[in-house]
Amino acid sequence: MPSLGRLHLITDTRPGRDALAVLAAALPVAHTELVVQVRVEDTTTDREAYELTRQVLVLCRPYGVTCLVNDRLHVALAAGASGGHVGADDLPVATARRVLGSDAVLGATAREPVSAAEAVAAGASYLGVGPCHATTTKDGLPPAIGVAGVRAVVEAVTVPVIAIGGVTAEDVPVLRSAGVYGVAVVGALSGAADPAHAAAEFMDALAC
């Protein structure tokens, strides 16, 4: 199974954002500590998602960076990504594991200990847990669970926990103290004036 980095960059494909430029800035800073999750808008066609994933893979390959596809597992398989990530409204984790195979990286979204443990038992390689804080990068999210909620999940599972949702570099020390393996970000990099500098700040915080 490919290695799992501590900084997960989720592609921001909203209007006005340049996902590939942000990725190109972060890669030389984070190297193999970066994981790229290709996430697209609901209105994006499979062809467009596939083409974006292929472009991401081209950028990631020289750095040995793991690339996953959110939700659209058929796109992950078609493009040759290292795996995928499923949310609460996507395929069940056990089904996703059968689709991707035993060697793929499979992430699952969780926000409380019971469902988190069930996802791990069904085959999740890691858990994306949150939203930790309120965020505007994705519509329809449930209320934030805070650091205490993330810690509760960490204590219930043995796989890496990736905190997501409004996470900044300043949040990393307390999240690491709560036991998280890493963090996933969208706007903290895609909305930064200097994505490379923002990535460096995350890497410094995660290294402590």
Leu9: which of Leu27, Leu23, Val35 passes side chain to side chain contact (heavy atoms under 4.5 Å, CB included): Leu23
Any Tyr126 side-chain heavy atom under 4.5 Å of Val105 side chain: yes
Stepwise side-chain contact (heavy atoms from CB on, under 4.5 Å) test for Leu52 and Val38: CA-CA 8 Å; Leu52 175 59; Val38 177; 3.9 Å; yes
Option among Glu118, Glu112, Arg111 that satisfies the side chain to side chain donor-acceptor pair (under 3.5 Å) test with Ser115: Glu112
Residue pair Val120 / Leu127: nearest heavy atoms and the distance that separates them: CG2-CD1, 4.0 Å
Min side-chain heavy-atom separation Leu7-Val183 under 4.5 Å: yes
Closest non-hydrogen atom pair, Gly83 against Ala76: O-CB, 3.5 Å
Between Thr43 and Glu41: side-chain donor-acceptor atoms closer than 3.5 Å: no
Sidechain N-carboxylate O distance under 4.0 Å for Arg72, Asp46: yes
Pair Tyr50-His74, ring pair (Phe, Tyr, Trp, His ring centres under 6.0 Å): steps then yes or no: CA-CA 9 Å; Tyr50 171 79; His74 58 298; over 10 Å; no
Centroid-centroid under 6.0 Å between His197 and Phe202 rings: no
Minimum heavy-atom distance between Val86 and Ala96, given as atom pair plus value: CG1-CB, 3.9 Å
Note, Leu20 side chain near Asp18 side chain (heavy atom, < 4.5 Å): yes
Ile164 side chain near Cys132 side chain, heavy-atom distance below 4.5 Å: no
Donor-acceptor contact below 3.5 Å, side chain Asp90 vs main chain Gly87: yes
Min side-chain heavy-atom separation Leu57-Val36 under 4.5 Å: no
In one Ile/Leu/Val/Met/Phe/Trp/Tyr side-chain cluster, 4.5 Å: Val161, Leu34: yes
Distance, nearest 0.5 Å, that separates NE2 of His85 from CD1 of Ile162: 10.0 Å
Path from Val29 to Ile10 over hydrophobic side-chain contacts below 4.5 Å: no
Expected output: side-chain Arg176 to main-chain Val180 donor-acceptor under 3.5 Å: yes
Under 3.5 Å donor-acceptor, Arg151 side chain and Glu155 backbone: no
Between CG on residue Leu68 and SG on residue Cys60, distance to nearest 0.5 Å: 9.5 Å
Short side-chain to backbone donor-acceptor contact, Tyr181 and Leu4, under 3.5 Å: yes
Thr168 side chain near His133 side chain, heavy-atom distance below 4.5 Å: no
Contact check, side chains of Pro131 and Pro142, non-hydrogen atoms, under 4.5 Å: yes
Hphob cluster co-occupancy, Ile145 + Val157, side-chain heavy atoms under 4.5 angstrom: yes
Nearest atoms (heavy-atom pairs only) where Thr13 meets Val40: OG1-CA, 3.6 Å
Contact check, side chains of Arg54 and Cys67, non-hydrogen atoms, under 4.5 Å: no
Sidechain-backbone polar pair: Glu33 side chain, Arg6 backbone, donor-acceptor under 3.5 Å: yes
Distance-minimising heavy-atom pair for Ala19 and Thr11: CB-CB, 4.0 Å
Connected via hydrophobic side-chain network under 4.5 Å: Leu206 and Leu189: yes
Side-chain donor or acceptor of Thr95 paired with backbone N/O of Leu91 under 3.5 Å: no
Residue pair Val167 / Ala188: nearest heavy atoms and the distance that separates them: O-CB, 3.8 Å
Hphob cluster co-occupancy, Val58 + Val56, side-chain heavy atoms under 4.5 angstrom: no
